[in-house]
Amino acid sequence: MGDPNRGLRNMTSGSPAGHIFYFALPLLAGSFLQQLYNMVDSWVVGRYVGDGALAAVGVGFPVIFMFSSLFMGLSGGGTVVIAQFYGAGKLDRVRDAVDTIYTAFILSALPVTVMAVAAVKPILFLMRVEADAYGEAQLYLLVVCAGLIGTIGYNLNAGILGGLGNSQTTLLFLAVSALMNIALDLGLVLRGGLGVLGVALGTVISQVFSWLFGLFYISRRYPAVAIRPFCLRFDKKLFRQILGIGLPAGIQMSLVALGAMAVMSKINSYGKEFTAAYNVGSRLDQLAFLPVQSLSSAVTAFVGQNMGANRPDRVRQGVRITVAASVVWSGIMLVLIPLGPALVRIFSDTPAVIQAGAVYLKCIMPFYVLFSVMFCLNNAMRGAGESVFPMVDVIVSLILLRVPAVYWFADHYGPDYMYYGIGVGWTLGFLLSAAYYLSGRWKRRGSLAE
């Protein structure tokens, strides 16, 4: 099996920039692959099924995100706790954390899946999905919700490895999932003629396979943290620590998804062309955001390990490096504004879709730098064990302000201006996050490994 520590990264010594970028690059490559197969989904249905199917897939994203977000929060809490134990050299506690996370997952996965499937129809009603896209949206969501276990399991595997400083293996899992998804999309939709059902089946099959492959790979490659799904070892105190960090993040992501669904409800009211355009535009802006997202995940693990090792000087260095890199990248991504129409045209030839997608990018991209800095600072503070403020920041800015702002701009200036409400929310989020970070209050949490 080789060296059992190969691929694990201790970030408490050496160059902070080197650790952060080395950790972030595989995450970036993996996230790119993930977005690539999401965009293949959109391209296949937009080109070979129709705008109604394209709108249906777009409607599904925030719904799926809402149902999986609580477990993603559990994964994030696990990353921080494992990182701090690993940074402190307490490998026995790392083992306890892995067993506790998977026991919680195994006991709750089925009830969550049943709830998700049961909630599909009422959620689509509340989102005011147009009749032309309703049937396909319902079919897509029922299938993908039934297979949520794959998405959740993959995220737990990634969270465990992230805490140990290993992002390369996560890239392998994503590569397997992405390539399988693309192949299944092309086979089931283009050759099999299954339409939206083919896209949904491709997503579920590839994610379940990636989760199971990851479970097998981690257990064989890293026996010290071998995943034992049915061991049912559960440390209540440790689980409370993980939940203390992960639950606020999970609630935050769930509420953000609800906010996105509220925004989409307004977009849906303007017809399937606007819904399809929002799907394409959001895919493009998610692609542009991948480097910032990867750097933010890296700084979470970096801060966690160095808080565990009691190295606040390295924490400060790591945060400065991450924020600077994110600002530079956000400036480069302003190129999406002039390129918007050409990029949207890849997915749809419908003039109304192209116009609405380009308007979306024009409205949000000038504010991207503020969202990037907010995202980095919140993830850094979360790595230090401070998860309540990032949750409050996101709820206030991305839900309580952003959603009403989108509706206000839409009602007063029309649909071409409603996306400026997103920028208003990002601006407030940046101001709150920067103020709290500079206050230093997030450092009072201390290390969980003490």
Side-chain angles (χ1 to χ4, degrees), residues 1-30 75-98 157-172 218 221-225 238 241-242 245 291-326 328 376-387 437 440 442-450:
M1 290 186 296
D3 180 5
N5 293 316
R6 183 182 176 189
L8 306 185
R9 175 169 288 267
N10 188 323
M11 295 187 273
T12 60
S13 62
S15 167
H19 282 306
I20 289 170
F21 288 119
Y22 191 86
F23 187 94
L25 283 174
L27 289 179
L28 175 59
S75 172
T79 296
V80 173
V81 170
I82 290 171
Q84 295 200 10
F85 285 143
Y86 186 64
K90 298 182 177 181
L91 297 183
D92 58 325
R93 296 299 284 159
V94 172
R95 166 81 275 158
D96 293 339
V98 172
N157 291 348
I160 290 166
L161 289 169
L164 298 170
N166 184 331
S167 57
Q168 294 168 298
T169 304
T170 303
L171 170 60
L172 175 64
I218 292 171
R221 187 67 184 81
Y222 304 113
V225 292
L238 184 55
Q241 289 181 319
I242 294 171
I245 298 168
V292 176
Q293 182 177 314
S294 300
L295 286 167
S296 297
S297 297
V299 83
T300 299
F302 180 87
V303 170
Q305 286 196 17
N306 282 282
M307 288 294 288
N310 195 25
R311 293 295 307 273
D313 56 318
R314 291 178 61 80
V315 169
R316 289 191 297 272
Q317 292 175 43
V319 174
R320 285 198 296 265
I321 291 165
T322 304
V323 168
S326 298
V328 170
C376 290
L377 293 179
N378 282 350
N379 273 274
M381 290 186 283
R382 192 173 286 117
E386 171 57 82
S387 58
Y437 177 81
W442 54 278
K443 299 176 186 177
R444 297 177 186 176
R445 289 279 178 176
S447 172
L448 297 170
E450 292 176 353

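Numbers here simply count residues along the sequence, with the first being 1. Only a predicted model underlies this, so the values are computations on that prediction, with no experimental measurement involved.
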- prompt: Taking side chain as C-beta onward, heavy atoms only, is Ser297 less than 4.5 Å from Leu295?
  reply: no
query: Which heavy-atom pair separates Ala83 from Ala301 by the least distance, and what is that distance?
result: CB-O, 4.0 Å
field: Non-hydrogen side-chain atoms of Phe302 and Ile321 separated by less than 4.5 Å
entry: no
message: To the nearest 0.5 Å, what is the distance between CG on Leu164 and CG on Leu91?
response: 8.5 Å
- prompt: If you look at every heavy atom in Ile82 and Ala97, which pair is closest and at what distance?
  reply: CG1-CB, 3.9 Å
Note, Val319 side chain near Cys376 side chain (heavy atom, < 4.5 Å): no
- request: Look at the side chain of Arg314 and the backbone N and O of Gly14, then say whether any donor-acceptor pair between them is shorter than 3.5 Å.
  value: yes
- prompt: How close do Gln84 and Gly385 get, heavy atom to heavy atom, and via which atoms?
  reply: NE2-N, 4.3 Å
- request: Using modelled atom types only, decide if a donor and an acceptor are shared between the side chain of His19 and the backbone of Val299 within a distance under 3.5 Å.
  value: no
- prompt: Is the Tyr437 ring parallel, tilted or perpendicular to the Trp442 ring (thresholds 30°, 60°)?
  reply: parallel
- request: Would you indicate whether the side-chain heavy atoms of Val80 and Met307 approach each other to under 4.5 Å?
  value: no
task: First locate atom OG1 of Thr300, then atom CE of Met381, and finally report the distance between them rounded to the nearest 0.5 Å.
output: 10.5 Å
- request: Would you name the heavy atoms of Arg95 and Pro223 that are closest together and state the gap between them?
  value: NH1-O, 4.2 Å
query: What's the spacing between Asn379 CG and Thr79 OG1 if we round to 0.5 Å?
result: 10.5 Å
- prompt: Under 3.5 Å, is there a donor-acceptor pair between the side chain of Gln317 and the main chain of Pro16?
  reply: no
query: For the atom pair CZ (Phe23) and CG (Leu28), what is the distance rounded to the nearest 0.5 Å?
result: 12.5 Å
Basic-acidic side-chain contact under 4.0 Å: Asp92, Lys90: no
field: Basic-acidic side-chain contact under 4.0 Å: Asp96, Arg93
entry: yes
- prompt: Ile218 versus Ile160: any side-chain heavy-atom pair under 4.5 Å?
  reply: no
